[in-house]
Amino acid sequence: MKQAIRYGVIARLRPDVVCGLIFSAVAVSAPWPAHAKITRLVLTPTASPALGGASFGRAGQYEQLDGTAYGEIDPDDPANAVIQDIALAPRTAHGMVAYSMDVSILKPINPANGNHVLLYDVVNRGNKVVTGVFNVGATTANPAGDGFLEQHGYSIVWSGWQGDLVPAAGQLGITVPVASKPDGSPITGLVRSEFSTISVPAGSITTQNLTAGFSSNTPGYPAVDLDTSHATLTMRVHQYDSPQTVAAGDFAFADCTSTPFPGVPNAQKLCLRNGFDPNQIYELYYTAKNPLVLGLGFAATRDLVSWLRSSGDASNPLAGSVKAAVMHGTSQSGRWAREYLQLGFNTDETGRQVFEGMNPHIASGRGSFNVRFGTPGRLSGTEHTEKQYPGLDSPLTYERTTDPFTGQTAGILDRCRANKTCPLIVHVMSDTEYWQAAGAFDTTDPLGAKDLPVPADVRIYQMSSAQHGGFSPVAPIPTTTGICRQIADVNSYTYILRDLLVRLTQWVEDGPVPPPSRYSSIRNGTLVQPQQVEFPTIPGLSYTLSSVFNTREYYDRGMQFNPVDESGILSEPPEVAGTYNLRLPQVDADGNDIGGVRSPTLQVPLATYTSWNTRAAGYSEGDACDLTGSTIPFATTKAARVAAGDSRLSLQERYGTHDGYVAAVKAAADRLTREGLLLPDDAATVVQQAQDSTVLE
């Protein structure tokens, strides 16, 4: 492997070091040399062996190590200059900026038995994700599930990067400093906060953190002034409705959970006299103080992974065992991974490449990760929720493009190309990214006029007709719809995603390259204008096209914001200064995507699967139901579909019998296996699941 040369000869862990990590209560390092960035690592072997003591093939048993990493960065190092407000962070006695972060490592007890690949899972709002994504059947009680990652021998590393989280059990965070003015006085600024994702009865919640919505477990920036006459709160039912102002006497910066309105004064909470209504989108404008140096999370991740790879210190549980590193990020953390790359953090302090591979998953944009008063937990915006927050500013492409509104030419790979540290990338999008997060602009020019070439070191795969986050292949079909009108999209692509991780791992090991990119495109007619989507008329399905896809606007966020880097200081509210020419995937006669990677479920459908859904009554009815898709089943017989006025063929017309259905699934699974998109073992599982089903029985 290339990395063996870059980091030196690979050596085995000394037996005394391995035993010390397993049996001692705490392993604490001695201080590192002054130039190092990780100054101390404290780990506790919380479970050894872990995962119920199971043995995973050649990798054997695993152990779980948890603890804290302490580090510091040089604020004057040009590599760190891109971090917003780093120059305004407090410094140590020797001029450094310090931080500490939670760390968790799951690895083979004997690292020599593993595959020598460090799989770094970017936590999502503090939560571990990768095991739930790849290990089918994983639960809190059984986090290994079917043990896919462990069977392949990965050493999995997690660390906190999101600096605005409240410490909570099971979540990983990072402690970063507060920026202040050079004279030590607080930095203040206008902050906009949206509250729009409540799914409980109206009025039952009276109090929320100032940063709420998708930003779970985040308190928000404290208000400078608790006088609500100096703040503005508005409400509206739909995204484009005119906002109605809430009287200053009807809300308070206070906690009303145990004390009636106006509650107990609290600079980080908002109390509403009659409680919050899930049928409304609320926006609060207020003056906040004490911005966090959030971009420090990028440098901390860079330095931790580089240190785990290169340090031979006795407290490094992976010392000498890592030959390559792959970063995985899902949704918010996938957008963070793309921003990590865009800002140039894949190069460590000595100029070495940190990650050879990267797997951004369901992440077409970037996010509010490196701005003053940033809110990293926010969406980059859906049609209904948190639409105006940063995340869809150009560039969205890996290749360089010119934005028609800013005139700036840039690509996500610019910095890593300049110093030759770009990772190999397998980028996976669901169909939701097209409908809600401008996914088409990852492969087209900003005008939506033409396809762009995908770089040779990048693969992009669209999971056709699949919702954001997918659906577990062993989960039961949902029977309730929640705040949406339809049941969720049950078209699973988990097994394809597993195959692509293996392909990426082989790629970084100088093995076979993954299959060619596969996504909807303008050139083959599968990526079209919204009004050209030929969605069929389906009995009982009611929607307005303009409400189920999210437009992409160019927002003028002020002179102090850098859209290329998604960094700087935001001017609130942002002003719409242009609209991009959006495109969406074309569908077949069933309403299912034509282009992209079609899973066995989609090739042998039992329903129409959409990546969009609509909100039910009482929840801004008719708006897009954010990241949830839909499943609209086919009729079983021709007579039933004709009686319903359904143009989609029935199950009997498609497959005849149960055996006919199973044969069709086998043909689809075999086809994907030949194309390099489904592992043979998983193909056999897919066929067995079809055999065990009750379809046409």
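This chain uses plain numbering: 1 for the first residue, then up along the sequence.
- No side-chain N or O of Gln239 forms a donor-acceptor pair with one of Asp623 less than 3.5 Å apart.
- Figure legend: Arg338 and Tyr398 shown as a cation-pi pair, the cationic atom lying under 6.0 angstrom from the six-membered ring centre and within 45 degrees of its axis.
- Taking the centre and axis of the six-membered ring of Tyr580, the NZ or CZ atom of Arg552 falls inside the cone set by 45° and 6.0 Å.
- Ring pair Trp161/Phe369: centre-to-centre distance below 6.0 Å.
- Using modelled atom types, one finds no donor on one side chain facing an acceptor on the other under 3.5 Å when comparing Ser306 with Asp303.
- Remark: the backbone N or O of Ser567 is not paired with any side-chain donor or acceptor of Asp565 at under 3.5 angstrom.
- For the pair Tyr70 and Met101, the minimum side-chain heavy-atom distance is 4.5 Å or more.
- Going from atom CG of Asn550 over to atom NZ of Lys387 covers 3.5 Å, rounded to the nearest 0.5 Å.
- If you check the side chains of Thr375 and Arg192, you find no donor sitting under 3.5 Å from an acceptor.
- Looking only at atom types and distance, the side chain of Thr444 has no donor-acceptor partner in the side chain of Lys450 under 3.5 Å away.
- Using a 4.5 Å heavy-atom cutoff, the side chains of Leu584 and Phe549 are in contact.
- Cation-pi geometry between Arg302 and Trp307 is not met: the NZ or CZ atom fails to fall both under 6.0 Å from the ring centre and inside 45° of the normal.
- Under 3.5 Å, the side chains of Ser520 and Gln462 contain a donor-acceptor pair of N or O atoms.
- In this pair, Phe355 and Tyr340 present their aromatic rings perpendicular. The plane angle is above 60°, beyond the 30 to 60° band.
- Here the CD atom belonging to Gln506 is positioned 9.5 Å from the CG atom belonging to Leu504, to the nearest 0.5 angstrom.
- Open room surrounds CD on Glu575; 12 or fewer heavy atoms of other groups in view lie less than 6.0 Å from it.
- Between the Arg378 side chain and the Glu194 main chain, a donor and an acceptor come within less than 3.5 Å of each other.
- Using a distance-only test at 3.5 Å, with no hydrogens or angles considered, no donor-acceptor pair links the side chain of Asp431 to the main chain of Ala466.
- Geometrically, Arg583 does not engage Phe441 in a cation-pi contact, judged by NZ or CZ lying under 6.0 Å from the ring centre and within 45° of the ring axis.
- Residues Thr401 and Asp445 have side chains that never bring a donor and an acceptor to within less than 3.5 angstrom of each other.
- Note: Trp435 and Trp612 have tilted aromatic rings, judged against thresholds of 30 and 60 degrees for the angle between ring planes.
- The aromatic ring centres of Tyr493 and His361 sit less than 6.0 Å apart.
- Taking the six-membered ring where the residue is Trp, the centroids of Tyr282 and Phe195 are separated by 6.0 Å or more.
- Panel note: side chain Thr526, backbone Ser521; a donor-acceptor pair is recorded below 3.5 Å.
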